[in-house]
Structure formats: structure tokens, C-alpha cells
Amino acid sequence: MLRSEEHKLIREAARGDQEAAASIIRHHQQSLYAYMLRMSGRPDVAEDIVQEAFVRVLTNLDRFDFRYRFSTWLFTIARRLYLNAIAKHRPAYDTDMVGSWKSSAASPEAPVEADEQQEARRDTLQAALLTLPPDQREVVILFHQHDWPIALIARHLDMPEGTVKSHLHRGRKRLRTHIEVAPSSGDALAESLA
Amino acid sequence: MNESAPNPGDRIPPDELIDALFDGELSPRARREVLGAVRHDARAGADLERTARVLAALRAPPEAPDLTDRILHSADHRRRFVPGRLRRMTKLARAGVVVLALVVMLGVAAGRRAWPEATTLADEQTPLADVNEAFRDDAAAGVGAIRSSVHQVRMSFQAISTADPCVARLEIEAAPPHARMLTAGFVTNPFGIEDERADAPASIRCGAPRIGAGPTIWVGSNPLDPARPAAPDDTP
């Protein structure tokens, strides 16, 4: 979506146009959900945060600063909600996340074997991500999943660009190490991605 | 862009170069050289490939549920969205209000030009200005009255100290009431001469003789015999 087109939709949604608001949601919900799912490891948490973040954004559209990217604003709000949720439910979010993830992606027609492979691959990746400290995980997700530039990540996380790079390098190294020490899952990942 | 790169086969690229490769900070040439160097080391190549595959898997977006309706429903509870038809009507209504306001403004302007006296209000003093002015007038009048009283008192003292007390008495009595009040203490008994008849008029008391003061000129009644009129040659 072009930025000018997005700005037009934002203005219309701010004036109460429900269709414009729906267009904005449909355009951004996938990436925001992926971000929250990778961060939390729990689909239910990701859904709740995505919903609440969008509701907050839509009810405050008149405050949006058009100098910045809408996605940055949306992600910032979602991130705050996520941090608040972690603070409230730390034990539940920091543990038991990988096993609780039951993918909703598989269609009923898909072969059971393919479904299991897909789930194993995602579990492995998610497990590797959850071994990272939150800052490293977030930097890796924003950089490699959402293609955010380092400067933007630094502003989003309010940290120097050097620190962002340091988190990125350490995060990649830990991801690689995790998959090395879990050869079966690493092989499964490699096979499934081959 | 980092142009430095090892020669293929010389050595394994350092971690910084691998990181720069994943950060996308290498030029195409440096990138090719790093990848070429990695191929000479099976373990480094495997690490690089594994990392690349993990990151590629990370790019694959997970299936996300469509939350549009839920979000809109929730947002609608907090801030009502307006249907399209109503929104268009609102726009028209706003435009109508603007046009009406413009017509009124133009009408007022035209009316002022055509009948300026009918549309111009006369200058009026503001109440605050009136109050201010009245206060100043009152203050000036008060200062004038006090000044006049002080002047009268000074004159009375001067008369008492320099002239015959009866002359002073006359001057004091000729003074306005407020001046007499100020000098009341002196008027009743200016020289401390006791008089049994405290209720006698001031003019009579004023006629009390002064010892060793020479002939007394009576003014008004004779204090020793009020029935007798005062006379210049009547000495007690």
C-alpha cells in the first residue's frame, strides 16, 4: 500500500469511515500478529494484543502524526501492551509457550504428516526464538521478519544503533547454537525448509 | 558498505564479516568473496547455511486469523463509526453551515455599507471607566476638604498664639463646622482658665479676665454679670 493511500485511509477512518478502518486492519493485522506471535509464542496472547492495539489505534487516529510510519506507531502500541501483559502474567508467558502452540494454519484437507512437519518446524523456530532474551528476540524479529532498518529499530526500542547491531549478532549466534544443540529439530528444520 | 573481504581460500571470514553479510552491509563483491571463502570450510559453510535457513523460516509469515470484525466491533463500542450515508449527510450539513455563515457575514457587511448609522453603536463609557472616574473625583474632593480643614486649623492656632484669645475665638467660630470640631479642645478652654459655668457660651468664657494682662476687652456678655452687656470700659 502506498503511503499516500494509507494516509487517505487513515484520514477517512479518523472521520468515522468503517470501510477505511477495515482496510487498515486487513493490511496490517498479518504482520502485527506475526510480530506478537514470535514475541510471545502464544496465539491467544498474540490475538488479544493485536485486537487491543488496533482498537487503541482506531480510537486515537486523530492523534496520528503523519510524519511517521503508521506501522511503527501500531507496533509501538502493541509492544507496550505486550510488555504490560508480560509484567502481569510473567510466569505464564515466559514458560510453557512452545508446547501450548497449536497451529491453526493447517487445513482439514492437508495430510497429517505434512501438518506435523509444519508444526515441528514452527515449534523449533519458536523454541529457538524463545531462548533469546526479549531484547535480542525483538531485534531479530523486527530485522529479519519485518525488514525494519536498524535505525528504525533503534528508534522503536529507544536504544543506540550499535546496541541494536550487538543484539542482532548475538541473537543470530544464539539461534544457530540452539539449533546445533538440538540436532533432530535442526535437521527437521533444514529438511522442511529444503 | 564494507568492501574488505578475505581472499577466497586464505582463511575463514571473521564473525564480523558474517554478521555484516546478514546485516546486508556488504557490497555485492564483498558478499561474493565471503561466500566463496566460506565454501572452503565445511563447518563454517554449514553454520552459515543453517543460520540462513532459520532466518528464512522466520520470514515466512504465520497464518493469522482475520480479526477485522472483532476489532471493529470492539472499536465501535469505544468510538462510534459512522455509516457511509450518514457520513455523506454530515458532510452536506457541514457545507450548508459554512455557506450559511458566509451569507450572513456578507449580508452584515452589505448592511453596514448601506446603512452605517443603523448598524453602528454609539460610543458608551464603560462602567469600569465610570467607577474609576468617580473614585478619582471623590478622592480629589476629600483631599481638598482635608487641606481646607488643615488650613483653618493652622489659622486658628496662629490667631490663638499671636492675638487676643477672643479674636481667635471669633475666628474659630467663624470657621466651618469641621474646622471647629478639630479645634474643639482648644475652643472650650484655650488658656486653661477655670470657669465654674461650664455651660456658658464660648463667647462668654472667652471673655474671662487674664491676670496681669492689662485691661480686658469683653466680647459678648460680661461673665460676672451676664445681664449686663459687655462694655469696653467695664473692668472687673
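Computation of the quantities below employed the complete heavy-atom set of this structure, encompassing side-chain atoms and omitting hydrogens, waters and symmetry-equivalent molecules.
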**Report entry** Where T59(A) and A75(B) come nearest, the two heavy atoms and their spacing
**Finding:** CG2-O, 4.1 Å
Report task. For atom CD of E5(A), decide whether the heavy atoms of other residues, nucleotides or ligands shown that lie under 6.0 angstrom number more than 12. Result -> yes
Query raised in the report: Would you say the side-chain atoms of E47(A) pair up with the backbone N or O of P65(B), donor to acceptor, closer than 3.5 Å?
Result: no
Query raised in the report: What are the two closest non-hydrogen atoms of V140(A) and L58(B), and how far apart are they?
Result: CG1-CD2, 3.7 Å
Report task. Please check if the side chain of R70(B) supplies one atom and the backbone of Q51(A) the other of a donor-acceptor pair under 3.5 Å. Result -> no
Query raised in the report: Under a 4.5 Å heavy-atom cut-off, does chain B meet the side chain of E52(A), its backbone, both or neither?
Result: side chain
Query raised in the report: Which pair of non-hydrogen atoms, one from P62(B) and one from Q30(A), has the smallest distance, and what is that distance?
Result: O-NE2, 2.6 Å
**Report entry** Per-residue contact mode, L32(A) against chain B (heavy atom under 4.5 angstrom)
**Finding:** neither
Report task. Using a cut-off of 6.0 Å, state whether more than 12 heavy atoms not belonging to Y68(A) lie near its atom OH. Result -> no
Query raised in the report: Atom CD1 of I25(A) and atom OG1 of T68(B): how far apart are they, to the nearest 0.5 Å?
Result: 5.5 Å
Query raised in the report: K165(A) and D23(B): salt bridge (Lys or Arg N to Asp or Glu O under 4.0 Å), yes or no, with the steps?
Result: CA-CA 8 Å; K165(A) 282 188 178 181; D23(B) 289 349; 5.5 Å; no
Query raised in the report: With a 4.5 angstrom heavy-atom cut-off, which part of D66(B) approaches chain A: side chain, backbone, both or neither?
Result: both
Query raised in the report: Does atom CZ of R80(A) have more than 12 heavy-atom neighbours, drawn from other residues, nucleotides or ligands, at distances under 6.0 Å?
Result: no
Requested in this report: Heavy atoms only: give me the nearest H144(A)-F22(B) pair and the separation to one decimal.
Outcome: CE1-O, 3.9 Å
Query raised in the report: Are more than 12 heavy atoms from other residues, nucleotides or ligands located less than 6.0 Å from atom CZ of R174(A)?
Result: yes
Requested in this report: Could you tell me whether H7(A) atom NE2 has more than 12 heavy atoms of other residues or ligands within 6.0 Å of it?
Outcome: yes
Requested in this report: Quick one: which of L55(B), T51(B), D69(B) has the most heavy-atom pairs under 4.5 Å with chain A, could you say?
Outcome: L55(B)
Report task. Please examine the side chains of K173(A) and D19(B), heavy atoms only from C-beta on, and report whether any two atoms are closer than 4.5 Å. Result -> no
Requested in this report: Please say whether more than 12 non-hydrogen atoms of neighbouring residues, nucleotides or ligands are located less than 6.0 Å from CG in D158(A).
Outcome: no
Report task. Test R59(B) against D147(A) for side chain to side chain contact (heavy atoms under 4.5 Å, CB included), laying out the working first. Result -> CA-CA 9 Å; R59(B) 282 181 191 280; D147(A) 289 330; 2.5 Å; yes
